[in-house]
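Notes follow once the structure below has been shown.
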There are 2 protein chains.
Amino acid sequence: MSRTPIPKRLKEARDRVGLSQTELGVAAGMDPSGASPRMNQYERDRHVPDFQTVKRIAAVLGYPVPYFYAEDDDLAEILLHLGKMDDDARSTVLADLRKSACRG
Amino acid sequence: MSRTPIPKRLKEARDRVGLSQTELGVAAGMDPSGASPRMNQYERDRHVPDFQTVKRIAAVLGYPVPYFYAEDDDLAEILLHLGKMDDDARSTVLADLRKSACRG
DNA sequence: CTGAATACTAAGGATTCCTTAGTATCTTTG
DNA sequence: CAAAGATACTAAGGAATCCTTAGTATTCAG
């Protein structure tokens, strides 16, 4: 059993952009000589990257950080959609949710 | 500067339910003798709790896990709303977002 | 003020990670 | 196929971080 959703989310995301483990690690600012084992350890659930590392990887991929911590697939997909929106669109989503919350 | 959004999110959440640091830690399954310093270290940004710990705390509070990893306040609030919904309502949100994404 | 509850801190043993030095597997291409 | 290059993967140990212990500081009710 995996310790965090990171291995799964990382692989999903990396496969989509079509980068190697090393390439993604280097793009996220890792030392090129150590990027390969580090990224592999993250994806194989041997080690857990710290928050700053997740943040840099998320930035490279254009994904919101919380996506990598979502165990639920639906919530993960919602986070992907939210990540693609501009601030305005996201504010609208938030406003809608606030209204729904009042009614419900 | 904080290393993760966890201290901020944790304090927000704990203040709302009105539990002490120790109480929340114990409720999340920590050894009562060590719950106080651990929770305090998390809230004061001295240490970062591992994922399983965040998950247990989130479960006690009824918050979705990714909320604790959201730096953006709007996204954090959206996650709170999503956390309060049942699976049906969340599926509807996801379906709406998929449609919006297609329209561009 | 006094006591109880809560918040907080230092320090070190325990745990986990990052780096180094590789091996294994897959994918061309001659 | 065979060789070569790219990609994926692993072990092990020094480096970094955390959890536990043993407290001190602060807040608050009586």
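Chain identifiers are assigned alphabetically (A, B, ...) following the order of the sequence lines, protein sequences preceding nucleic acid strands; residue numbering begins at 1 within each chain. What you see below is based on every heavy atom in this structure, not just the backbone, and it leaves out hydrogens, waters and symmetry mates.
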Length of the line joining A:Q52:CD and D:dT17:P, which is rounded to integer Å: 12 Å

Presence of A:R3 side-chain N/O under 4.0 Å of C:dC17 phosphate oxygens OP1/OP2: yes

Flag side-chain contact, heavy atom, 4.5 Å: B:T53 against B:R38: yes

Any A:R16 side-chain heavy atom under 4.5 Å of A:L80 side chain: yes

Rounded distance (Å) that lies between atom P of D:dA6 and atom CG of A:L19: 16 Å

Minimum side-chain heavy-atom gap A:L61-A:L24 below 4.5 Å: yes

Residues A:E71, A:K8: salt bridge by 4.0 Å N-O rule: no

Separation of C:dT16 P from A:R46 CZ (nearest whole Å): 14 Å

Atom-pair distance (CD on A:Q21; P on D:dA6), nearest Å: 16 Å

Of A:R14 and B:T53, the one whose closest DNA chain D nucleotide lies more 5': A:R14

Please enumerate all protein N or O atoms sitting under 3.5 Å from an N or O of nucleotides 20-29 of chain C, with distances to 0.1 Å.
none

OP1 or OP2 of C:dC17 under 4.0 Å from side-chain N/O of A:Y42: no

Rounded distance in Å - CZ (A:R38) to P (D:dA16): 13 Å

Rounded distance (Å) that lies between atom P of C:dC18 and atom CE of A:M30: 8 Å

A:D73 and A:R9 ion-paired at < 4.0 Å: yes

Whole-Å gap separating P (D:dA8) and CD (A:E43): 8 Å

Short N-O contact, A:E43 and A:R14, less than 4.0 angstrom: yes

Pair A:R90 + A:D86: basic N to acidic O under 4.0 Å: no

Rounded distance in Å - NE2 (B:H47) to P (C:dA10): 10 Å

